[in-house]
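All of these numbers come straight from a predicted model, not from anything done at the bench.
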Amino acid sequence: MEQEDEIREYGLIEGNGIQIISIIGEIEGHDCLSENAKTTKYEHLLPLLARTEQSRETKGILFLMNTVGGDVSCGLALAEMIASLSKPTVSLIIGDSHSIGVPLAVATDYSFIVPSATMIIHPVRMNGQVLGTPQTYSQFQQIQDRILDFIASHSQADKKVLEELMMNTSMLSKDLGTVLVGKEAVVQGLIQEVGGISRALAKLYTMM
């Protein structure tokens with residue numbers, strides 16, 4: 001029953017030593033989202049990844065990604081968990097990997113993006129009451145540095161370039177940031193290759 005619930009939640013598939021896990025919708029963190037929202041619940045995915053790490057049957061993991069982002073601290077926790085797995089890992093962006101989805105996509109050993117998929121890099125946002133103080137600005141800067149440091153250390157992207165993309169004012173009509181489509185994410189050093197499911201699986205097999 002537990003396995004069936006996970007299959008419904010994450011599209012969990014196992015075969016030939018490969019485990020496939022989907023990261024979709026919004027990364028749900030410390031607050032619950034609407035029942036109508038498609039979410040990836042970090043508190044469910046963390047123990048699943050820990051169990052995968054201990055599994056003798058699992059030889060490699062493919063992450064299918066189509067996420068609009070979500071909770072920063074919980075998304076980073078998932079990214080760190082993925083990056084620390086000893087099993088070979090590959091990510092494939094099949095729709096979008098926005099905001100905190102960027103660290104998730106680059107956390108694997110190798111990454112792919114389909115030609116029409118997008119990645120959005122933008123500044124940190126905060127919900128609720130925000131105090132207009134220097135301490136608040138410092139907190140925002142610290143959070144952004146954590147995200148940028150992780151991305152830069154797990155990809156070929158330059159941190160200064162990432163900061164410029166994050167603060168771009170010319171692309172999004174009501175926001176700061178940059179949209180990268182398919183090959184553009186490879187050119188910027190975020191993703192390693194343009195390709196679909198067959199190339200992602202082939203790469204994972206060679207790594208295994």
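Inter-residue side-chain proximity for Ile18 and Lys59 is flagged as unmet; no heavy-atom pair is nearer than 4.5 Å. Between Ile113 and Glu193 the shortest side-chain heavy-atom distance does not fall below 4.5 Å. A 4.5 Å side-chain heavy-atom check between Ile21 and Leu45 finds at least one atom pair inside the cut-off. At least one side-chain heavy atom of Leu204 sits less than 4.5 Å from a side-chain heavy atom of Met208.
No side-chain donor-acceptor contact under 3.5 Å links Thr178 to the backbone of Met166. Lys183 contributes no side-chain N or O that, together with a main-chain N or O of Leu180, makes up a donor-acceptor pair within less than 3.5 Å.
The distance from atom CG of Leu104 to atom NE2 of His154, rounded to the nearest 0.5 Å, is 11.5 Å. Gln188 CD to Asp158 CG: the interatomic distance, rounded to the nearest 0.5 Å, is 10.0 Å.
Between Pro103 and Ser99 the shortest heavy-atom distance is CD-O, 3.5 Å. Heavy atoms only, all atoms of each residue included: Val179 and Glu184 are closest at O-OE1, 3.7 Å. Between Met119 and Ala185, the closest heavy-atom pair is SD-CB, 3.7 Å. Taking each heavy atom of Ile151 and Ser155 in turn, the nearest pair found is O-OG, 2.7 Å. Here the closest non-hydrogen pair linking Leu190 and Ala157 is CD2-CB, 3.9 Å. Across Met81 and Leu46, no two heavy atoms sit closer than the pair CE-O, 3.5 Å.
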- request: Let me see the working for Met167 and Gln144 under side-chain contact (heavy atoms from CB on, under 4.5 Å), right down to the final yes or no.
  value: CA-CA 11 Å; Met167 299 302 176; Gln144 288 185 175; 3.5 Å; yes
side-chain contact (heavy atoms from CB on, under 4.5 Å) between Val106 and Gln192, intermediate numbers included: CA-CA 9 Å; Val106 305; Gln192 285 154 301; over 6 Å; no
- prompt: Could you walk me through whether Ile197 and Ile94 pass the side-chain contact (heavy atoms from CB on, under 4.5 Å) check?
  reply: CA-CA 9 Å; Ile197 186 66; Ile94 54 175; over 6 Å; no
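For the pair Lys38 and Glu26, the salt-bridge criterion is not met [side-chain N within less than 4.0 Å of a carboxylate O].
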Side-chain donor-acceptor pairs under 3.5 Å in residues 85-92, sequence neighbours left out?
unit_1, atom_1, unit_2, atom_2, d
Ser86, OG, Glu53, OE1, 3.3
Ser86, OG, Glu53, OE2, 2.5
Lys87, NZ, Thr52, O, 3.0
Lys87, NZ, Glu53, O, 3.4
Lys87, NZ, Ser55, O, 2.7
Lys87, NZ, Thr58, O, 3.0
Thr89, OG1, Asp109, N, 3.0
Thr89, OG1, Asp109, OD2, 3.3
Ser91, OG, Ala105, O, 2.7
Ser91, OG, Thr108, OG1, 3.1

Enumerate, atom names and distances included, each donor-acceptor pair closer than 3.5 Å involving a side-chain atom of residues 60-77, sequence neighbours excluded.
unit_1, atom_1, unit_2, atom_2, d
Asn66, OD1, Asp96, N, 2.9
Thr67, OG1, Gly25, O, 2.7
Thr67, OG1, Gly69, N, 3.0
Asp71, OD1, Ser73, N, 3.2
Asp71, OD1, Ser73, OG, 3.0
Asp71, OD1, Cys74, N, 2.9
Ser73, OG, His30, NE2, 3.3

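Exactly one of Thr169, Leu165, Ile121 qualifies for a side chain to side chain contact (heavy atoms under 4.5 Å, CB included) with Leu176. That residue is Thr169.
Classification of the Phe112-Tyr110 ring pair by plane angle, with boundaries at 30° and 60°, yields tilted.
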